[in-house]
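Below is one structure, written out as structure tokens; comments come after it.
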Amino acid sequence: MGFKVKLGLVAVLALALGLLVAVTAVPQGGGRVYRMGFHEDMTTTSYMNYVGPGSTVWNAYVLGNMHPSLYGLSDVTFQPILSLAEDYATPVAREGGFYTSSICISPGNTWSDGTEITAEDIAFTLNGILELDPIALGGNWPYSVDPDLFDHMDVTSKYCVKFYLKDKPGLSRWEYGMLGAPILQKAFWGPKFEAALASADPVATIYADPGQPEPSATSWVFEKWEPGAYAELVRSYTNAPTELEGMSRLLECEGGFYGTASVGSVFGGGYRGSLYAVASNATEYGTIKGLESQLKADTSYYKYNDANLALIVRTNTSNDYNALWNAVSGKLSEIESAIGCNKTLDFAPGPYVDAVVYKLYGTLAAGALALISGEIDFQLNPLGYELGLRRQLEAAPGVTVFSNPDNGIFYFSFNLRRPPMNNIYFRKALDCMIDREYVTTELLQGVAEAAYSVVPPGNAYWFRPPSEEEKQARCIGFSAAAKLKKAVEYLEMGGFTWQVKPEVLPDGTIKAGRGIKLDGQLVPEIEYIHPNAAYDNRRNIFGLHVSKAANTLGIPLRNVPTGFNVIVSRVFDEQDFDMWSLGWSLGIYPDYLEGFFHSQYAELGGQNAQGYSNPEFDALAEAFVLEQDIVKARELALQMQAFLADELPYVPLFYAPTYEAYRSDFIQFPYTQVLAGVSDMNGMISYVKLIR
């Protein structure tokens, strides 16, 4: 339900409102255009590839806006909510040799080519991905279609499907997995899947397909990509008619209530009003049910879902969209009043623009200057701003800078298929030598925070801080001399020797080692590729620090500042590397703990590019993805984090508050306070209003 994306790699569940509501192309620069800047180019126009190994954050910004899913995620609380689905999936139950569950979608939703979305599209997508093999496809596909869990799907009616599962699914692979999987149009992708399956290499064939012009099921359609210059989306007027602008409302209340009211166009013509409310507790739900006599109207669908504390109302199709809007918006207001809502969000989603243009700037600084000069409205920036650049933006007239806690991690890792990186004491020694606090506080001037876990502290429920025992084992808070002594101990435990052993001299200074050996042989030069200063100076500075720490230990480590897309290709597509550094923008449910480190994802294109393999960890990960109780799932997640802190297939470096900037004299966002920031919401293209 959230794609994991390479920052710098995304884990997917679409926001629900973009899915309910003939494409008219808007020329680049024409109509109401929302202008955004980014500083790394796309690598593909294929949605298949983007969900797979091409899951960079830059591809996500453009391609991650067009596909429907059965479930979505609420805006700020990130709870699973209905999207295409008419109602929640039936409880998973044993049936013969399978576990089964059924779900139906709302009738009337359309693709941007005007055809209706049906159960055939859903079954085609999940069955087709399974036939292509999600593991071989790599990237995020195994999260959406887990071949260890999913057996097949049947179409039971025009709008309903039935899942056949090999086991009872956990939260990770159900509410946050298959029910949030992206849905592809069968008419467009069916022939492409057939051709791929008939080829010698189905995965290479499907990823070689450009995937455009692909029909969309949201408010947006891909228009063009000019490599090295810009990309563009245009509004799908089939799914978002101009006359319905403002006829939607999204309400969230303190405590967790979520409600929407909207009017959308439907297949065959006309409009339909929708009301959807999810109570935060049984008392609140009882209050809503007590309004039944006032809420009931002439409806084609009206249902309470007791298991999920939800009310779902669909009005009959009508040509009078104003009357439909008055009906559903009035009902939501009645609920708001009855439950005593203390509003945390209350706005009217759009879209309010005709096109979105993504202009490419060579560096973060160049994009920031474009924002200051008024060339763009918002800078898509998953990396945040360093202090100097942030001060320039804060001083610029018309520019507003804001910050949010991040849901990402920056790290370095190893090719565990190669010595000496496969030696756990080599990894422990490097981890010990790194002084994260010094780098983040002194060199980076407080714009980053030292990281010791793969789960960021912003995702508080799942985060595990280091224990006191772990602090000692990982040299947290140690002086430079104490770090060196402990790191040398680790290397000696791993069987390393030196021609000149590193040591702390009597005056407290440190003498670097030289000529480190393993099994009597000199350790050859190790190449460490990391983002260059133009892309992300924080990781460049950490790269220099890691290299210096390694060389102090006598390890011949050569840091190589490298372009982002080159690193992604070498690490994930080719697995041709010794050590590398990147970052991840993460999903809320931390199933990436399984996806990044389970041995089954260690093949080319998989997200376990480092090749980590430990049967004990695999068993924990498998239990985690099958766990149905969130409290027990959290216990497993904490155990997995402790395991990773000891084995160190990744060495976390830092977390970073997300600093972003926009032209507040040009555009208006409904809100800016959200975990991981507005960039993580793809720039709010369906919410933003132009005021310039």
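Residue numbers start at 1 and run along the sequence shown.
F669 and F378 have their aromatic ring centers within a separation under 6.0 angstrom. For F402 and Y662, the ring centers are positioned less than 6.0 Å apart. Between Y589 and F624, the distance separating the two ring centers is shorter than 6.0 angstrom. The aromatic ring centres of F347 and Y687 sit less than 6.0 Å apart.
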Donor-acceptor pairs are to be reported for all side-chain atoms of residues 648-660 against protein atoms at under 3.5 Å, with residues two or more places apart or in another chain.
| from | atom 1 | to | atom 2 | distance (Å) |
| --- | --- | --- | --- | --- |
| Y650 | OH | W584 | NE1 | 3.0 |
| Y655 | OH | S453 | N | 3.2 |
| Y655 | OH | S453 | O | 2.7 |
| Y655 | OH | V455 | O | 3.4 |
| T658 | OG1 | D406 | OD1 | 3.3 |
| E660 | OE1 | V678 | N | 2.8 |
| E660 | OE2 | V678 | N | 3.4 |
| E660 | OE2 | S679 | N | 2.6 |
| E660 | OE2 | S679 | OG | 2.6 |

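Y528 and H530 have tilted rings, their planes meeting at an angle from 30° to 60° on a 0 to 90° scale.
Under the 4.5 Å side-chain criterion, counting only non-hydrogen atoms from C-beta, V674 is not in contact with D680. Inter-residue side-chain proximity for T77 and Y258 is flagged as unmet; no heavy-atom pair is nearer than 4.5 Å. Residues W462 and L586 fail the side-chain proximity criterion, which asks for heavy atoms closer than 4.5 Å. Residues Y671 and D75 have side chains in contact (heavy-atom distance under 4.5 Å, counting atoms from C-beta outward). At a threshold of 4.5 Å between non-hydrogen side-chain atoms, the residues Y612 and F414 do not count as touching. Proximity of T363 to H39: side-chain heavy atoms (C-beta onward) are nowhere separated by under 4.5 Å. Residues D573 and P53 are in side-chain contact: their nearest non-hydrogen atoms beyond the backbone lie under 4.5 Å apart. L63 has its side chain within reach of M42: a pair of non-hydrogen atoms, C-beta onward, lies under 4.5 Å apart.
The minimum heavy-atom distance between F426 and L491, with the atom names listed, is CA-CD2, 4.0 Å. Between I567 and P531, the shortest heavy-atom distance links the atoms CD1-N, 3.5 Å. The two residues R390 and V447 make their nearest non-hydrogen contact at NH1-CG1, 3.8 Å. Residues G458 and L675 approach most closely at O-CD1, 3.9 Å, considering heavy atoms. Taking all atoms of both residues into account, the shortest heavy-atom contact from L389 to A365 is CD2-CA, 3.9 Å. Taking both residues in full, the closest heavy atoms of L309 and N281 are given as CD1-C, 3.7 Å, listed atom of the first, atom of the second, then distance.
Side-chain atoms of R663 come within 3.5 Å of backbone N or O of L371 as a donor-acceptor pair. Remark: side-chain polar atoms of S479 are paired, donor with acceptor, to backbone N or O of A482 under 3.5 angstrom. Between the Q641 side chain and the L593 main chain, no donor and acceptor come within less than 3.5 Å of each other. Between the side chain of N537 and the backbone N or O of N540, no donor-acceptor pair lies under 3.5 Å. Side-chain atoms of T440 do not come within 3.5 Å of backbone N or O of E449 as any donor-acceptor pair. No side-chain donor-acceptor contact under 3.5 Å links N608 to the backbone of Q600. At least one donor-acceptor pair under 3.5 Å links the side chain of K483 to the backbone N or O of C432. Judged purely by atom type and a 3.5 angstrom limit, N423 uses its side chain to pair as donor or acceptor with the backbone of G494. Using a distance-only test at 3.5 Å, with no hydrogens or angles considered, no donor-acceptor pair links the side chain of R538 to the main chain of L444. Checking side-chain atoms of D578 against main-chain N and O of E527 turns up a donor-acceptor pair under 3.5 Å.
When each of Q392, Q379, E394 is checked for a side-chain hydrogen bond (donor to acceptor under 3.5 Å, both in side chains) with Y385, only Q379 meets the rule. F412 pairs in a side-chain contact (heavy atoms from CB on, under 4.5 Å) with only one of the listed residues (D431, I529, V546, L582), which is V546.
Open room surrounds OH on Y438; 12 or fewer heavy atoms of other groups in view lie less than 6.0 Å from it. The neighbour count for Q628 CD, taken as heavy atoms of other residues, nucleotides or ligands under 6.0 Å away, is above 12. Counting non-hydrogen atoms of neighbouring residues, nucleotides and ligands closer than 6.0 angstrom, the CZ atom of R391 reaches no more than 12 such neighbours.
N565 and T56 form no side-chain donor-acceptor contact under 3.5 Å, judged by distance and modelled atom types alone. Side chain to side chain, Y143 and Q607 meet the donor-acceptor criterion of an N or O pair below 3.5 Å.
The CD1 atom of I81 sits 7.0 Å away from the CG atom of L73 when rounded to the nearest 0.5 Å. To the nearest 0.5 angstrom, S599 atom OG is 3.5 Å from D618 atom CG. Rounding to the nearest 0.5 angstrom, the gap separating the CZ atom in R417 from the OG atom in S613 is 10.0 Å. Within the model, atoms CD1 of I588 and OH of Y176 stand 8.0 Å from one another, a figure rounded to the nearest 0.5 Å. To the nearest 0.5 angstrom, I135 atom CD1 is 9.0 Å from H598 atom NE2. A distance of 5.0 Å separates CG in L544 from CG in N559, rounded to the nearest 0.5 Å.
Using a 4.0 Å cut-off between a side-chain N of Lys or Arg and a carboxylate O of Asp or Glu, E468 and K471 qualify as a salt bridge.
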Would you please test N308 and V278 for side-chain contact (heavy atoms from CB on, under 4.5 Å) and show each step?
CA-CA 7 Å; N308 297 95; V278 186; 5.9 Å; no

For I376 and Y361, run side-chain contact (heavy atoms from CB on, under 4.5 Å): C-alpha distance rounded to whole Å, both residues' side-chain angles, the deciding distance at 0.1 Å, then the answer.
CA-CA 11 Å; I376 56 176; Y361 296 90; 3.6 Å; yes

From CA spacing to verdict: side-chain contact (heavy atoms from CB on, under 4.5 Å), F410, L383:
CA-CA 10 Å; F410 298 87; L383 306 177; 4.0 Å; yes

What verdict does the side-chain contact (heavy atoms from CB on, under 4.5 Å) test give for Q472 and F478, after you've listed the backbone C-alpha separation in whole Å, the side-chain angles of each residue and the deciding distance to 0.1 Å?
CA-CA 8 Å; Q472 294 300 308; F478 283 27; 3.6 Å; yes

